[in-house]
Each structure stands twice: as C-alpha cells, then as structure tokens.
Amino acid sequence: MRRLEEAALKEWEHAFESDPGEREKFYLTVAYPYPSGAMHVGHGRTYIVPDVIARFWRMRGRQVLYPMAFHVTGAPVIGISKRIARGDEKAIRLYRDLYRVPEETLKEFVNPLTIVRHFSEEYQRVMTACGLSIDWRRRFTTVDPQYSKFIEWQWKHLGEGGHVNKGAHPVRFCPQCDNPVGDHDLLEGDKAEIVKYVMVMFQWKDSFIPTATLRPETIYGVTNLWVNPSVTYVRALVDGTSWIVSREAANKLALQDHSVTIVEDIPGTSLVDQIVNHPLCGDVPVLPATFVDPDMASGIVMSVPAHAPFDYIALRDVQAGGRYKDIQPVALIKVPHYGEFPAKDAVEKAKIVDQNDPRMDALTQEVYSAEFASGRLLEKYGGETVRQARESVGSLMIDSYHSSVMYEFDNRPVVCRCGGRVYVKILHDQWFLQYSDTAWKAQVAAHLAEMSLVPPEVRAEFERTIDWLKDWACTRKVGLGTRLPWDPDWLIEPLSDSTIYMSYYTIAHHLKHFNPEELTPETFDFLFLGKDSPNLKNRDALEMMRKEFEYWYPYDYRFSAKDLISNHLTFQLFHHAAIFPKKSMPRGMVVFGMGLLEGAKMSSSKGNVFLLEDALREFGADTVRMFLVGSAEPWQDFDWRNDLVYSTRKQIERFWNTIEECSGSGSLSSDVNLWLISRLQLHIQKATEALERFQTRQALQEAFYSIESDMKWYRRRLPEGVVGGSALRELQSVWIRLLAPVIPFTCEGLWKETGGEGLVSYAPWPVADKSKTDPNLELSEDLLFRTMEDIESIRKIIQITPSSITLCTAPAWKKAVFATVASAPDKNTVIREIMKDEQMRRRGKAVQDTVKQCITLIHRLPPALVEQYLMADMDEMAVFQKAREFIERECSVRVEIVDAAESTHAKAAAALPLKPAIVME
RNA sequence: GCGAGUGUGACUGAGAGGCCAAAAGUGACCGACUCAAGAUCGGUUCUCGCAGGAGUUCGCAGGUUCGAAUCCUGCCACUCGCACCA
C-alpha cells in the first residue's frame with residue numbers, strides 16, 4: 001500500500017498543474033485554511049470532497065483547476081505565539097503533544113510568522129499525501145507583498161464604490177488587554193449583547209443625575225428616582241459638566257466617548273429625599289431602594305410605577321413603611337387588556353408580595369412586551385404608539401434635554417480570557433463595509449438567484465443572510481494583514497481580505513515573479529477588468545495573464561462548510577458584485593456539513609480530534625478518502641468512526657483482489673456475461689449523474705457496492721468450474737476508472753497493472769453505452785433471481801429436504817389477464833372488462849382469483865419491471881429451461897419445469913406471470 | 001430568544017403517496033475453508049408462520065387519503081448561524 005502511494009505521488013508530482021487549453025474548463029476552489037494548527041480528519045474532508053469532484057471532471061475531459069493557498073491574516077497566531085512565549089501550559093500542551101511540533105520549532109513559535117509557516121508546510125505535505133490534485137504552483141499566502149498589492153487594489157475599488165465608511169462603534173473591550181474581544185476571547189458572558197440606553201438627565205442643584213433607560217418615552221410617568229442608600233456615588237465632571245453617577249458608571253463613561261474627572265464622593269444617603277427636575281416631568285423626589293445596582297448603567301434609575309412592575313412594587317414597599325404616601329403612579333400608556341396601571345394589574349394578578357419575588361423579571365418582560373407591541377401614549381402626550389414614541393422621545397431628549405447614549409451589556413458579568421472584566425467601549429474612526437446598503441444587497445440577491453447552490457436547502461439561509469447583514473467593522477489595529485490604502489493606521493480584517501482571491505489564483509504563479517511595486521492598481525485593472533492604461537509595463541506578459549484570467553474566471557464552484565454561510569460565503573458575493581462585471585460573477589457554491597469524531601463534536605481545544613496525518617498512516621490515503629466521501633453526502637454531517645474506517649479498508653482490498661482475479665479470465669460469451677455488461681451501463685450512468693450533482697456517497701454506492709452485488713450474482717451464475725468470463729475484462733477497465741476519483745492511489749496502481757494507458761487520473765471517464773444494455777436479458781435474470789429467492793424462502797419454512805422441485809410457469813391466459821390488469825387505468829373495473837371475453841368467462845372463478853392476485857402482484861413489483869415484461873413477451877418456460885442446470889446445482893436436487901396447465905398438482909394453480917408455482921416434494 | 005436545517009431498524013444512512021419490513025454498508029449471530037485469524041466465502045439479523053404469507057414499525061400526537069416513513073397541523077429533540085472571529 002505504501003509503495004503504491006509513493007509510486008503514484010511521484011507520477012502526480014506535476015500532473016495537476018493546469019494551464020488554459022482548448023478544452024472547456026472547470027474551476028473549483030475551497031476556502032483556504034488558516035494554518036494555525038495541525039489538520040484533522042474534518043479538514044481532510046473539506047479538501048478531499050472537492051478533489052473527488054476535480055478528478056471526476058478531469059476524467060470527463062475538462063481542463064480542471066484546483067488551487068490552494070494559505071490565509072495567514074488576523075490575530076489568532078499572535079495570541080498563540082504570546083501564549084507560548086509566556087509559557088502557557090495549555091497552549092504548549094496543545095502544540096507539543098497534540099500537534100506534535102518538535103521542541104526546537106516550538107521555541108521559534110514566539111514569532112507568529114513561524115507558526116503559519118510551519119503549519120502551511122505541514123498542510124501542503126498532508127494534502128499531497130491525501131492525493132489532492134492541486135496545482136501547487138499557484139500557492140501563496142495572504143501576507144505575500146504581491147497579494148497585499150492585490151488587496152490594496154480591491155479596497156481601492158470598494159472605497160471608490162462607496163462601500164467603505166467611517167464611524168464610531170461600540171465593542172466589547174478588555175482594558176487589561178487593551179483590545180476589543182470577540183466571543184472566543186471570553187471566559188464568561190459570551191451570550192451578552194450590547195444594549196443601547198438613553199440617559200435621562202435630571203437636574204439637581206448644579207449637577208445632572210443621569211438615569212439610564214430603555215424606555216425614554218416613560219419620562220411622562222416618572223414619579224421619583226431610585227438611589228441605593230448603601231452606595232457611595234461620585235460627582236464627576238463629564239465633558240465639563242457636573243454629573244452624579246456611581247463610581248462604576250464613571251469608569252464606563254470614560255470608555256464611551258466622554259472625558260471623565262471624578263471630583264468628590266456623594267453618599268447615596270445624601271441624595272435621598274432630594275428633589276430633582278426634568279422639564280418633561282417636573283419636580284420629583286429621590287427615594288431609597290436597595291435593588292438599584294451601581295454596576296448597572298449609571299447606577300441611578302427613574303421610577304415609573306404605572307408601567308414598570310419593579311417600580312410599582314418598590315414604591316408599594318416604601319409606602320408600607322408609612323412614608324411617601326402622597327406619591328401616586330402616573331399613567332401615560334394605554335394597553336389593550338390592561339387597566340389604567342398595567343404594572344399594578346400585573347403585580348396584583350400574579351400576587352407578588354415584595355420586590356424580591358423571583359417572578360419579577362418575567363413580569364417586567366411581560367408588561368414591556370405588551371406595551372411595546374400594542375401600547376399607545378395618551379393623547380396629552382402625543383398619542384403615538386410606544387414603538388414610535390420610544391424613538392421620537394429618545395431623539396428629542398438627545399437633541400434638547402442634554403441626554404446622551406450609554407451602552408451596557410444585557411447580561412453580566414462579561415469576563416475576558418485574561419480574567420479581566422470586559423466593558424463596552426466606543427471605537428472611533430472605525431471603518432465599515434456597508435453591507436447594510438440596500439442597493440448593494442439587491443445586486444447580490446439578484447445574482448444569488450442565478451447561482452447554483454448545493455444542496456438547494458441552503459438558498460433560504462443565504463437569502464436571509466443577505467437581508468440581515470449589517471455594516472461590518474472591517475479594520476483592526478492588531479494582527480497580520482494588509483494596511484488600508486488610504487488610512488494605513490488600520491489593517492484590513494481577515495474576513496474582508498479573503499473574498500475575491502479566487503481571481504488571484506488564476507494568475508498567482510505569474511504574479512509571484514513580479515516586483516510588488518509594479519503591481520499598481522492600473523495593472524490589476526487591466527488584468528481583472530480589462531481596463532487599458534497607457535503606462536503599463538511588461539505588456540505582453542500582462543496580456544497573456546489577462547487571457548488566463550479570462551479563461552478560468554468566473555469560478556464554477558466554491559466549497560465551504562456551512563458555518564461560513566453567514567459571513568464568508570455571502571461576503572464574497574458582495575465583493576464580487578462590487579468589483580467584477582457580471583460575466584465574472586461566481587457560478588455556484590457547495591456547502592458542507594460538520595464533522596463528528598466517534599459521535600462527539602470535533603474540537604481542537606478539547607483535544608477531541610483525529611489528526612489527518614495519523615489517519616493516513618494508520619489506514620492509508622485511499623481508505624481515508626473513501627470513508628470521508630462515502631459515509632455521508634458532503635452537506636451532511638459525518639461521523640469518523642474507527643471501526644467503519646477499518647472496514648472501508650477491507651473493501652478496498654476486496655476490490656483490489658477482485659480486479660486482480662479478473663485479469664486471469666479466459667473468453668466466454670454467454671448470457672451472464674452480456675447481463676453483467678448490460679447492468680454495468682446502468683451503474684456508469686447513475687454514478688456519473690451522482691457526481692454531477694456532487695453526491696459522492698451515492699456515486700460510491702453505484703460505482704462500488706452495486707457492481708459488487710452484480711458480481712456476486714454473476715459468479716453464482718457461471719457454469720461449474722468457470723472462474724470468469726469475457727465480460728470481466730471490460731468490467732475491470734470500467735470499474736477502475738469509476739473508482740479512480742475516490743481511491744486514486746489504488747486505481748492508479750491497478751490501471752498500470754492491467755495495461756491501462758497513461759495515468760488513470762487522465763483516463764476517459766466511462767460512458768454508458770445504450771447498445772450494450774439488454775432489458776430483456778435483465779428481465780429474465782430478474783425473474784430467475786426472484787424465483788430462487790422464493791425457493792429458498794419456502795425451503796426455510798417447510799424444513800424438509802425436497803427430493804425434487806417442479807416449477808410451473810403460468811399458462812397463456814394468465815399472461816393475458818396480467819397484461820390487461822397491468823395496463824388498466826382503473827383496477828376496480830378491470831374484472832368486468834376481462835369478463836367480457838367469452839373465453840375468460842368460461843374459466844369462471846379462476847379468472848376472478850387471478851385478477852385479484854395480479855393486482856396484488858403488480859403493486860408489489862417495480863413498475864419498470866412490469867413495463868418491461870409487457871413489452872418483452874418473455875418465454876418464461878425457456879428462461880427456466882436454460883437455467884435448469886443452475887437451479888439444480890444451487891438446490892442440489894432434480895428440477896423440472898412444466899406449464900402449469902399441464903400439471904395436476906394443486907399448487908400449480910398458484911402460478912402467475914413472473915411468479916411460477918413452486919412444487920417441492 | 002430569532003433564523004435555517006435534521007429526526008428511519010443495534011449503528012452509519014437510502015427512501016419523498018401504493019414497488020416498503022423499508023437499499024447499501026457496519027456490527028452481531030450461524031455455517032464453510034482453516035492450526036488459527038480483526039482474513040476470505042455463503043447465510044441469518046422487527047414478531048409470528050412446516051409453502052413463497054400475515055402482523056406491528058420510520059421522533060411524539062392528531063389530520064387528509066381507498067392507501068402515509070413519504071402530504072398537512074401542533075409538539076418534542078438535535079445540529080448550524082446570530083458578527084468584528086478564523
């Protein structure tokens with residue numbers, strides 16, 4: 001096996017380097033890997049499935065291009081190298097023990113580039129060992145200077161097309177790391193979302209007291225504020241104005257676009273019973289409440305007891321203490337199914353005793369939802385719906401009443417992987433790709449409608465993604481990557497520099513030899529868009545490259561796992577639409593399922609992975625390939641299970657042995673041989689259709705298991721002492737080629753051994769030959785097969801050893817009945833039709849029974865078989881006579897064949913067409 | 001929570017109104033060849049049946065139909081995505 005692999009690899013070394021030619025092209029790409037760790041079998045499938053497709057189309061005579069490169073932009077390797085540098089045990093164990101990086105190399109991982117360099121070498125080595133038919137001349141990484149020039153060109157167009165805008169943006173931020181944090185950087189709180197609050201500014205003496213709210217419109221119903229008397233607040237100068245907030249809030253505000261200087265402490269108690277003012281609600285008192293959390297927004301809240309259950313019950317609680325009796329809820333919203341004070345109704349209906357009741361959250365949610373969905377402000381407050389008022393009052397406050405926005409998480413705490421607390425920070429000068437642009441969306445949606453998507457179910461998800469996509473922060477401060485051409489302080493973020501590189505592949509091997517400085521925007525404009533420009537150097541070379549690009553582009557299919565639908569796969573459509581003309585737009589996408597390992601989710605961080613290289617060593621490349629493409633269709637999730645993989649290897653060995661045995665066979669022309677070849681045509685056709693639809697599993701079922709099961713019957717049917725017949729030589733050649741895309745190493749070896757010409761990788765794909773199919777022959781073999789099954793099933797039940805078997809074929813009149821029934825449109829009236837015939841009527845009840853039996857039988861047979869039977873006018877008697885020797889050998893008993901009409905045995909009456917009566921004695 | 005998808009026999013998985021007790025593979029069991037095998041070959045593998053048949057199954061509960069694994073409704077479970085991350 002190893003020798004076989006080595007031999008094939010040697011022959012393939014340059015075999016898949018592909019250049020434009022006369023033939024029609026087929027260009028497929030896979031999302032390039034981010035080489036920050038070793039490949040596991042899940043990665044293996046991602047690249048092997050496209051390889052099977054590539055090999056298939058290559059054999060069908062297409063000029064196939066399957067390129068590969070490495071995506072090394074972004075921040076992860078920076079983090080990894082830092083962790084390794086600081087001696088992080090977990091990281092070191094992962095790389096040293098799981099990925100088996102040699103000690104000396106690991107030491108060099110303090111340089112992030114070493115990591116990607118190390119693993120991209122490993123990727124190429126392992127991919128090659130898998131037999132991937134990649135044109136490696138085109139390999140590049142995304143930090144190559146030439147590629148950076150390409151990205152600059154891309155962004156120049158995006159910028160000029162008005163797709164990139166600058167803005168401020170709230171992000172999760174860790175002050176300890178001094179960096180924004182993504183989901184994967186979080187220890188805790190990965191579900192938390194950033195929520196936008198409006199700070200309502202109440203005047204107190206010469207200061208503002210901001211109260212953060214999601215419902216600014218309820219200002220009209222404010223009866224008081226709540227402060228926590230046990231908390232020490234601060235007075236701070238915020239953007240030059242004096243504010244009273246919690247200490248926590250002061251720190252948060254400093255991250256959110258405000259200059260904050262803390263002036264003095266203000267104990268909560270000193271705020272209690274103070275009177276504050278807001279122009280929209282007048283003077284209100286400040287009341288004490290222990291539920292007020294200083295770490296939530298500003299740390300002071302406004303109270304709307306008519307509409308907020310919490311406020312209602314807190315007010316009730318303080319009033320129970322005998323004070324503040326004069327404060328009454330102020331209603332401002334009318335909601336169907338609720339009275340004047342919805343909060344009161346809800347609290348009373350739920351029989352809430354005090355503010356510590358755990359049901360309070362749900363109750364709050366209920367009232368809020370009801371009011372938001374169907375509430376309307378009272379006429380004296382404008383009569384708007386709550387939905388409208390929330391917006392309009394919010395902006396009114398910001399415009400006229402000193403309010404501003406404050407961001408806070410909806411769930412806390414949020415903790416960074418470094419252990420530090422995470423806050424919301426407003427990032428400035430952030431660049432955005434304007435995916436929210438409706439015109440751009442429409443352009444992409446229109447193109448999507450014309451694309452081929454596999455499997456078709458993913459279309460809905462793409463459509464929804466396009467619809468839902470918002471602006472994307474596309475620049476970063478840290479990581480590897482290309483700088484934004486017009487603002488070099490920023491790096492282009494990794495999901496935004498990997499969207500149109502499929503075009504780069506088409507000429508990547510030429511670009512390599514260019515001085516990056518020569519790769520001006522004008523050069524790329526010429527190469528990819530055909531825009532001429534007077535000052536192009538090296539024109540001849542560029543023109544040739546332009547031709548190559550035009551030959552390959554657009555790509556035919558892009559392959560990727562389904563988790564990339566909502567970002568990469570959709571992004572790349574946007575970018576293509578923004579830059580390329582219609583004729584260069586992508587044609588299709590194939591979306592993969594995910595991988596499981598022995599039933600559990602594969603995950604490098606949990607150590608639950610099986611390295612691809614180990615799999616190759618243990619099972620051999622062909623086994624790994626066949627298992628990965630054959631255990632489930634590409635878009636289904638697959639489960640790597642060692643026992644199944646092991647048996648896959650046995651199947652390949654069986655195939656090898658069968659083919660080897662074929663070669664020794666002499667010539668023998670007979671029905672069985674013709675039958676085998678006839679059946680083969682069907683398998684060729686079905687396997688071909690399956691691969692055209694990317695159904696690798698289905699193709700394998702046809703190309704492997706179906707042929708194998710034919711072989712079983714074939715061997716059984718051969719005369720005694722004969723090992724094989726003339727059909728085998730033809731089958732051999734076809735079979736090797738059918739399996740070559742899936743198990744290329746084995747097939748390359750067999751092809752050579754059986755005298756095939758050249759590489760099987762380039763051998764012509766078998767074509768089903770209609771003239772070799774013989775439906776009648778297949779029908780009679782089918783009849784024979786069914787009859788054998790019946791004989792066996794009877795023998796098993798009666799448990800006697802028969803001394804003779806008699807097959808009674810159905811008499812002619814039953815055939816006539818069968819035919820009439822089979823072609824009758826209405827099976828209910830068919831008896832009447834048949835009974836019109838004088839001859840039939842005379843047979844009486846026998847006809848009636850036969851009709852019933854035929855109806856049942858016809859329902860049970862495959863329609864195609866029945867149809868063929870009607871056309872064939874088969875002589876069953878002759879079929880059985882011919883196979884008599886075979887049946888006798890199989891059953892080890894004397895066999896007689898008679899027409900049922902001539903038999904006196906009671907069983908003979910049961911004979912039907914395609915179902916002879918069987919008499920065992 | 002929202003969006004998309006999936007639920008079939010011990011397992012992986014075909015099947016998309018009558019061909020369905022439901023392909024193929026795996027596992028298990030029984031034979032054969034063997035000193036032996038994780039080898040190879042043949043058979044069995046929902047229940048019942050001494051005549052090729054009958055009965056109960058395709059996440060759960062209803063419904064449509066002469067007839068449902070397949071169509072409709074509701075429920076439950078699982079997978080993926082929900083963004084500044086490859």
Side-chain angles (χ1 to χ4, degrees), chain A residues 31-36 71-77 169 171-172 180-185 191 193 427 430 432-433 435 455 457-465 467-476 479 493-496 498 561-568 571 591 593-594 596 599 601 627 630-633 635-639 641 643-651 653-654 657 697-698 700-702 704-706 708-709 712 715-716 786-787 789-800 827-828 857-866 907 910 915-920:
Chain A
Y32 48 21
Y34 184 78
S36 65
H71 194 205
V72 306
T73 30
V77 283
H169 186 58
V171 296
R172 285 183 298 218
V181 285
D183 264 348
H184 58 288
D185 296 322
K191 282 261 155 45
E193 280 185 48
L427 280 191
Q430 175 62 258
F432 291 90
L433 273 166
Y435 292 134
E457 295 87 68
V458 298
R459 187 172 295 277
E461 213 175 335
F462 273 107
E463 284 167 353
R464 201 197 124 270
T465 302
D467 191 46
W468 159 90
L469 223 46
K470 305 186 196 61
D471 290 351
W472 177 265
C474 58
T475 49
R476 290 298 115 84
E493 168 278 335
L495 281 178
S496 306
S498 55
K562 66 176 166 194
D563 52 348
L564 295 191
I565 293 178
S566 66
N567 49 54
H568 167 75
F571 287 7
V591 175
M594 315 296 284
L596 300 175
K601 200 191 264 179
F627 177 80
S631 63
E633 297 294 6
W635 42 90
Q636 297 171 322
D637 294 350
F638 76 96
D639 188 4
R641 281 180 31 200
D643 56 342
L644 293 184
V645 182
Y646 188 83
S647 67
T648 303
R649 183 162 79 183
K650 286 198 293 197
Q651 282 153 358
E653 282 165 7
R654 205 161 64 215
N657 293 335
R697 180 190 158 87
Q698 182 63 36
L700 206 52
Q701 292 283 328
E702 285 300 330
F704 188 76
Y705 300 106
S706 298
E708 215 181 28
S709 99
K712 215 177 204 176
R715 289 209 188 92
R716 230 172 123 181
R786 283 164 189 279
T787 306
E789 271 190 337
D790 279 354
I791 292 175
E792 273 150 33
S793 125
I794 296 167
R795 274 225 299 197
K796 210 172 65 199
I797 295 160
I798 62 173
Q799 287 182 342
I800 55 158
K827 308 271 192 265
N828 295 319
L857 179 63
I858 287 165
H859 270 308
R860 289 193 176 171
L861 293 170
L865 183 83
V866 174
K907 292 271 174 229
K915 204 165 179 59
I918 298 163
V919 182
M920 287 191 191

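Only a predicted model underlies this, so the values are computations on that prediction, with no experimental measurement involved. Proteins get letters first, then strands, A, B, ... in listed order; numbering begins at 1 in each.
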Just checking A:Val458: base, sugar-phosphate only, or nothing, at a heavy-atom cut-off of under 4.0 Å? nothing
Whole-Å C1' distance, B:rA14 and B:rG7: 15 Å
Out of B:rA51, B:rU79, B:rA86, whichever nucleotide has its closest atom nearest the side chain of A:Lys562: B:rU79
Can you measure A:Gln636 atom CD to B:rA4 atom P for me and round it to whole angstrom units? 21 Å
With the side chain defined as heavy atoms from C-beta on, A:Ala917 is closest, among B:rG52, B:rG3, B:rA86, to B:rG52
Say we look at B:rA23 and B:rA16: how far apart would their P atoms be, to the nearest angstrom? 14 Å
Strictly by Watson-Crick or wobble contacts shorter than 3.5 Å, is anything paired with B:rU40, and which nucleotide is it? B:rA32
Across every strand shown, the nucleotide meeting Watson-Crick or G-U wobble geometry with B:rG1 (both distances under 3.5 Å) is B:rC82
Ion pair A:Lys601/A:Asp637, N-O distance below 4.0 Å: no
One should read off an interatomic distance between A:Glu789 CD and A:Ile794 CD1, to the nearest 0.5 angstrom, of 12.0 Å
Could you tell me how far apart A:Lys650 (NZ) and B:rC41 (C1') are, to the nearest whole angstrom? 13 Å
Taking atom types as modelled, find out whether A:Trp635 and A:Glu457 have a side-chain donor-acceptor pair closer than 3.5 angstrom. no
Looking only at atom C1', what distance separates B:rU26 and B:rG74, rounded to whole Å? 37 Å
Closest-nucleotide mapping onto RNA chain B: is A:Asp643 or A:Glu493 further toward the 5' terminus? I mean the 5' end. A:Asp643
Can you check the distance between B:rA21 and B:rC35, where both ends of the measurement are the P atom (answer in whole Å)? 46 Å
Proximity to the side chain of A:Met594 - top-ranked nucleotide from B:rC80, B:rG25, B:rA83: B:rC80
Between A:Asp639 and A:Phe571, which residue's closest nucleotide on RNA chain B lies nearer the 5′ terminus? A:Asp639
If you check every side-chain atom of A:Arg697, which of B:rA23, B:rG52, B:rG5 has the closest atom? B:rA23
How close or far is atom C1' of B:rA51 from atom CD1 of A:Ile794, stated in whole angstroms? 5 Å
Starting at atom CD of A:Glu789, determine the distance to atom P of B:rC19, rounded to an integer number of angstrom. 16 Å
Is A:Arg654 salt-bridged to A:Glu708, going by a charged N under 4.0 Å from an acidic O? yes
State whether the distance check finds a donor on one side and an acceptor on the other, under 3.5 Å, for side chain A:Asp790 versus base B:rA51. no
Reckon A:Ile791 touches a base, only the sugar-phosphate, or nothing at all at heavy-atom distances under 4.0 Å? nothing
A:Arg654 CZ to B:rU26 P, straight-line distance once rounded to whole Å: 6 Å
Separation of the P atoms in B:rG27 and B:rC76, to the nearest angstrom: 39 Å
In whole Å, what separates the P atom of B:rU70 from that of B:rG15? 15 Å
Value in whole Å for how far the C1' atom of B:rC82 lies from CZ of A:Arg172: 12 Å
Under 3.5 Å, is there a donor on one side chain and an acceptor on the other for A:Gln430 and A:Thr475? yes
Given B:rA86, B:rG52, B:rU12, which nucleotide is nearest the side-chain atoms of A:Ser793? B:rG52
Assigned partner base of B:rG18, Watson-Crick or wobble definition, under 3.5 Å: B:rC66
Do the ring planes of A:Tyr32 and A:His71 sit parallel (below 30°), tilted (30 to 60°) or perpendicular (above 60°)? parallel
What is the base-pairing partner of B:rU6, counting Watson-Crick and G-U wobble geometry with both distances under 3.5 Å? B:rA77
If you check the A:Lys601 side chain, which of B:rC80, B:rG52, B:rA86 turns out closest? B:rC80
For B:rU45, which nucleotide in any strand shown is its Watson-Crick or wobble partner with both distances under 3.5 Å? B:rG27
Which base, if any, makes a Watson-Crick or G-U wobble pair with B:rC58, both distances under 3.5 Å? none
Under 4.0 Å, heavy atoms only, any strand: does A:Leu865 hit a base, just the sugar-phosphate, or nothing? nothing
Distance in angstrom units between A:Tyr646 OH and B:rU26 C1', rounded: 14 Å
Under 4.0 Å from OP1 or OP2 of B:rU26: is there any side-chain N or O of A:Gln651 that close? yes
Whole Å only: how far is the CZ atom of A:Arg464 from the P atom of B:rC80? 16 Å
Choose from B:rA51, B:rU12, B:rG53 the nucleotide whose nearest atom is closest to any side-chain atom of A:Lys907. B:rA51
Taking B:rC50 as the reference, what is the distance to B:rC41 when you measure between their P atoms (whole Å, please)? 34 Å
For A:Pro916, answer base if it contacts any base atom (sugar-phosphate contacts may also be present), sugar-phosphate if it contacts only those atoms, and nothing otherwise; contact means non-hydrogen atoms under 4.0 Å. base
Decide if the gap between the ring center of A:Tyr435 and the ring center of A:Phe571 is smaller than 6.0 angstrom. yes
Pairwise P distance for B:rC11 and B:rC19, with rounding to whole Å: 25 Å
In terms of side-chain heavy atoms of A:Ser566, which of B:rA86, B:rG81, B:rA51 is nearest? B:rG81
With rounding to the nearest 0.5 angstrom, report the CD to CD distance, A:Glu633 to A:Gln698. 6.5 Å
Consider the side chain of A:Leu644, meaning its heavy atoms from C-beta on, and name the nucleotide among B:rU26, B:rC85, B:rG52 that approaches it most closely. B:rU26
Could you please name the option among B:rC80, B:rC85, B:rG5 that lies closest to any side-chain atom of A:Glu457? B:rG5
